[in-house]
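Everything on this sheet refers to the single structure shown next.
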Amino acid sequence: MPELPEVEAICRKLRRQVTGLRITGGCVERPSVTRPQKPHWILSRVVGRVMDSVERRGKHILLQLSGGWVLLIHLRMTGNLVVVPDVRFRSPAVRAWLEMEGGRGLVFEDPRALGRMRLLRPGEDRTALEAVGVEPLSSEFTSEQFLMIASRSRLPAKLFLMDQGRVAGLGNIYAAEALFRAGIHPARPMHRIRRARLEALHGHIIAVLEEAVASAEHAYEAPGRLLETEEFVCAVYGRRGEHCLRCGRCIRRMPQGGRSTYYCPGCQR
DNA sequence: TCGATCCTGTAG
DNA sequence: CTACAGGATCGA
């Protein structure tokens with residue numbers, strides 16, 4: 001589920017559901033999700049505090065609590081954060097939950113249990129977060145800025161886009177989709193891509209993410225079917241062997257950095 | 001830069 | 001049974 005667009009959609013929904021509510025209780029069902037912190041260390045400090053705001057930084061979710069404490073959540077591959085009417089009826093995939101005033105629950109579910117939850121003390125140095133790169137949907141993500149960091153890197157394009165320390169929030173799907181739109185081969189070293197193409201890529205990154213945010217937001221609001229105009233449809237991701245919609249050649253899959261990269265050999269050179 | 005690791009579920 | 005999954009980190 002969670003690349004930047006899905007995380008953003010989750011944050012927007014949470015913002016409306018939990019802002020201003022006090023935490024009255026909670027439980028960590030799977031201690032590994034808070035490692036290396038002890039569940040009790042977190043819970044005892046979180047209970048009684050009010051959730052002031054919900055922020056996002058890259059794929060990190062920041063639950064800002066009263067007194068300056070921050071509950072940091074990373075959903076990794078299969079995590080999700082949802083509000084449920086009653087924590088007594090929770091699914092087996094729930095790894096941790098908080099009870100809020102009024103009785104509803106804020107639930108962290110994650111079948112693979114790879115997600116992480118961490119509490120930052122007030123004013124704590126946020127090393128992990130400061131290593132995160134530019135927000136691609138912010139005004140700081142300019143074409144010039146992108147050109148600058150891109151031309152300095154020898155990484156293959158796909159790995160560059162997925163490096164959270166450079167651009168924050170792109171994952172396996174949207175990195176592949178942005179490269180397809182820009183006509184760039186995923187293995188191409190970043191610094192060898194022409195300026196005009198990098199500028200195009202910059203625009204496509206923003207477009208892909210904005211479309212995906214809109215799609216994810218609809219999906220979370222209205223469970224059920226999305227209109228065709230609302231749904232983000234992948235052109236290459238997960239389409240190995242299918243014919244490219246633009247040129248007709250077969251979409252390929254290749255391993256890169258231990259993950260699958262999908263691309264069109266006709267459109268991306 | 002590669003591979004193993006953390007985990008569980010699902011598709012083939 | 002094996003391969004693979006939208007992520008990130010660690011050590012060789």
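Chain letters run A, B, ... following the sequence lines, proteins first, then strands; residues in each count from 1. These numbers come from the heavy atoms of this one structure, side chains and all, not from hydrogens, waters or symmetry mates.
Atom OG of A:S151 sits about 10.5 Å away from atom CD1 of A:I193, to the nearest 0.5 Å.
With sequence neighbours excluded, the residues satisfying salt bridge (Lys or Arg N to Asp or Glu O under 4.0 Å) with A:R12 are A:E8, A:E217. Legend: residues meeting side chain to side chain donor-acceptor pair (under 3.5 Å) with A:R194, ordered by chain and number and at least two apart, are absent.
Phosphate proximity of C:dA8 to A:Q164: present, with a side-chain N or O under 4.0 Å from OP1 or OP2. In this model, the phosphate group of C:dA8 is approached by a side-chain N or O of A:H74 to a distance below 4.0 Å at OP1 or OP2.
Both A:I61 and A:L119 are members of a single hydrophobic cluster when ILVMFWY side chains are connected at heavy-atom separations under 4.5 Å. The cluster map of Ile, Leu, Val, Met, Phe, Trp and Tyr, joined by side-chain heavy atoms under 4.5 Å apart, puts A:M100 and A:V28 in the same cluster.
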Secondary-structure notation, DNA chain B, from Watson-Crick and G-U pairs under 3.5 angstrom (| other strand): ||||||.|||||
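The CE atom of A:M254 sits 14 Å away from the C1' atom of B:dT1 (whole-angstrom rounding). Atom C1' of nucleotide C:dA8 and atom CG of A:L72 are separated by 13 Å, given to the nearest angstrom. The distance from atom CZ of A:R259 to atom C1' of C:dT9 is 13 Å, rounded to the nearest whole Å. Rounded to whole angstrom, the span from the CD atom of A:E3 across to the C1' atom of C:dA8 amounts to 13 Å. Atom CG in A:L129 sits about 11 Å away from atom P in C:dT9, given to the nearest Å.
Look at the P atom in both B:dA4 and C:dT2: the space between them is 15 Å, to the nearest Å. For B:dC7 and C:dC4, the P atoms lie 22 Å apart once the distance is rounded to whole Å.
DNA chain C is contacted by A:K59 of residues 54-62 of chain A, taking any non-hydrogen atom closer than 4.0 Å. For DNA chain C, the neighbouring residues in residues 165-181 of chain A, judged by any heavy atom under 4.0 Å, are A:G171, A:N172, A:I173.
Checking side-chain atoms of A:E230 against main-chain N and O of A:A214 turns up no donor-acceptor pair under 3.5 Å.
For A:E140, the CD atom sits in a loose shell: 12 or fewer heavy atoms of surrounding residues, nucleotides or ligands are nearer than 6.0 Å.
Under the 30°/60° scheme for interplanar angles, the aromatic rings of A:F146 and A:F141 are found to stand perpendicular.
In this structure, A:R246 is positioned above the aromatic face of A:F180, its NZ or CZ under 6.0 Å from the six-membered ring centre and within 45° of the axis.
Side-chain N/O atoms of A:D110 and A:T78 include a donor and acceptor closer than 3.5 Å. In this model, no donor atom of one side chain and acceptor atom of the other lie less than 3.5 Å apart for A:S143 and A:Q145.
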Nucleic acid footprint by protein, nucleotides 5-12 of chain B - heavy-atom cut-off 4.0 Å, B for base, S for sugar-phosphate alone: -BBB----
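Between A:R57 and A:E135, at least one side-chain N (NZ, or NE/NH1/NH2) sits under 4.0 Å from a carboxylate O, which counts as a salt bridge.
Using a 4.0 Å heavy-atom cutoff across all strands shown, A:R240 reaches no nucleic acid atom at all. Among the atoms of the strands shown, none is found under 4.0 Å from any heavy atom of A:L4.
Taking each heavy atom of A:E210 and A:L137 in turn, the nearest pair found is CG-CD2, 3.8 Å.
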Trace of the side-chain hydrogen bond (donor to acceptor under 3.5 Å, both in side chains) decision for A:W97 with A:E29: CA-CA 8 Å; A:W97 50 269; A:E29 309 277 3; 2.8 Å; yes
